[in-house]
Amino acid sequence: MNIFIINSGSSSIKYQLFKMPSTAPVCSGLVERIGSDDVALTHKVTANGEEIKRVFKLGKADHEAGLNKVNELLTDPEFGVIQDRRDIQAVGHRVVHGGERFWEPTRITGEVKQALKKLFLLAPLHNPAGYTGIEVAEKIFPDAVQIAVFDTAFHHTLPPKAFRFAIPDQYYTGNNIRVYGFHGTSHGFIAGQAAAYLERDDLKLISIHLGNGCSITAIDKGRSVDTSMGFGPLSGLIMGTRSGDIDPTVIFYMIDQLGYTPEQVNDLLNKNSGMLGLAGSNDMRDIRKAMAEGDANAKLAYEMYAYRIKKYIGAYAAALNGVDVVAFTAGVGENDVFVRKMVCEDMEYLGISFDANKNSTRSDGIREISTDDSRVKVLIIPTNEELEIANQCYGLLYK
Ligand code: AMP
């Protein structure tokens, strides 16, 4: 079965094609800078163990033009991977927010689309882009089953004591204001990978997703029991451009005393805070370089970033009544030697014994960076949200 996965963002589309049940993508790619005059498409095909990579300049292109080009490449005479676009039986879409209704992979119907539109209110920065991806895919692959997989879904197991806010009941029952949690596709994938790698399904796991957005989740026997992002994806860890946890009094102070509008504060906390606000860049590679050159702001930003993660590990070890595994994933988690070191050092009281040599040795796949006798295993697990979405779509169609 050919399942095409689309992860549509406001200015980018990531995609992968799987011939399920095989878990190796037959092709994958990225359309970047959508909305500019300089849209680029990077397309990769793996055939007979070899990877062919091509970059195409698309000029000015929207989501539809970008996906149309991808569609052409799928059947391209030179490096096409299917005969006809009707060979795509299902298209899986990443949708960030499923609200209180969507806790499972869901076939997209007209009624589901109406419900998805209502969710724009809950995730105005993310859900419209996912919706655009759905509308475009329906045009390009009209014969395929369209399926939405929600980033919030993995957190449907949170207990009320973790997902409720301490505000009057009516705001939950009447307005659906609660913790939803995000990055669930990634955290769910990490939970599955850790269980398979250690051959245990009873793990107390702390999964740390550190990409441009960052979140940390406490997972007990494969079920999410607490998570750092909340009603929206702003709370918790310090991120590329988002502040993470902040005392709400600051927001009122900015509005009442500094004269900011709510939109300005929203923009500030989502787009100009986090590592960008602290150190002038949201790319950890730039910040590390600046730190090496003696930049005090960069050093403080790194310390704050790692310290916030450390605090959450402590909290989640308490929530789980112990911890067997701490797993790092995503762009920063998989690549940043410094962050992992700053987080994991001086954690002996928790049973984490960190191996700095293993930490700085690069290799592909899952690897351990704790000492052999560490009570808690520290793992780097590369995430693969597209594969997790493909697996969930396959599971839905074959249930
Ligand atoms: P993601 O959202 O998972 O694609 O992660 C994106 C982030 O990963 C970027 O903003 C960078 O900060 C970070 N990143 C990517 N490669 C590296 C690297 N080699 N070292 C440190 N950080 C990296």
Side-chain angles (χ1 to χ4, degrees), residues 5-16 25 28-34 40 42 44 94 96 125-126 129-130 151 182-190 193 207-217 228-229 233-234 236-244 270-293 295 297-299 301-306 308-309 327-344 356 359-367 369 379-389:
I5 305 304
I6 297 178
N7 182 347
S8 173
S10 53
S11 64
S12 70
I13 304 170
K14 285 191 215 161
Y15 60 89
Q16 291 194 16
S28 61
L30 171 68
V31 186
E32 297 176 270
R33 299 191 290 277
I34 294 174
T42 308
K44 290 186 206 162
R94 173 177 181 226
V96 168
L125 297 177
H126 295 93
D151 245 19
F182 298 88
H183 291 145
T185 315
S186 178
H187 290 300
F189 182 78
I190 298 308
Q193 293 282 300
S207 168
I208 312 173
H209 179 109
L210 305 175
N212 218 341
C214 302
S215 70
I216 178 165
T217 296
S228 61
M229 284 178 168
L234 182 57
L237 303 181
I238 295 173
M239 316 186 203
T241 63
R242 287 173 247 167
S243 62
N270 276 293
K271 297 184 186 158
N272 291 311
S273 295
M275 298 306 268
L276 179 64
L278 289 168
S281 168
N282 61 336
D283 194 311
M284 298 303 260
R285 289 163 287 198
D286 297 340
I287 304 170
R288 203 168 55 223
K289 194 160 159 274
M291 186 164 66
E293 287 162 2
D295 184 322
N297 289 337
K299 181 165 178 285
Y302 249 90
E303 284 171 356
M304 289 173 66
Y305 185 94
R308 183 77 55 88
I309 300 169
F328 287 92
T329 195
V332 180
E334 290 167 34
N335 294 300
D336 198 305
V337 174
F338 257 102
V339 163
R340 294 192 303 256
K341 181 167 150 38
M342 289 170 88
V343 170
C344 294
N359 182 45
S360 47
T361 312
R362 296 193 77 86
S363 69
D364 292 334
I366 299 181
R367 59 197 178 97
I369 54 169
L379 303 179
I380 300 170
I381 305 181
T383 195
N384 191 338
E385 289 167 284
E386 284 77 18
L387 174 57
E388 178 66 19
I389 295 171

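Reckoned from all heavy atoms, side chains included, excluding hydrogens, waters and symmetry mates. Whatever order the structure lists them in is the order used to number ligands and atoms, beginning at 1. In this chain, residues are counted from 1 in sequence order. These numbers come from a predicted model, not from an experiment.
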Practice task
Start with the C-alpha gap between Val332 and Tyr305, add the side-chain angles, then the distance that decides, and say whether side-chain contact (heavy atoms from CB on, under 4.5 Å) holds.
Solution key: CA-CA 11 Å; Val332 180; Tyr305 185 94; 3.6 Å; yes
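- Looking only at distances, no side-chain donor or acceptor of Arg94 sits under 3.5 Å from a matching main-chain atom of Lys14.
- Of the possible polar contacts, one joining the Ser8 side chain to the Ala129 backbone as a donor-acceptor pair under 3.5 Å is found.
- Tyr302 meets the ring-ring contact (aromatic ring centres under 6.0 Å, His included) test with no other residue; sequence neighbours excluded.
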Exercise for the section: Start with the C-alpha gap between Cys214 and Ile238, add the side-chain angles, then the distance that decides, and say whether side-chain contact (heavy atoms from CB on, under 4.5 Å) holds. Expected result: CA-CA 7 Å; Cys214 302; Ile238 295 173; over 6 Å; no
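- With hydrogens and angles disregarded, no donor-acceptor distance shorter than 3.5 Å links the side chain of Thr185 to the backbone of Glu385.
- In this structure, ligand 1 sits under 4.0 Å from heavy atoms belonging to Gly211, Asn212, Asn282, Asp283, Met284, Arg285, Arg288, Ala330, Gly331, Val332, Asn335, Asp336.
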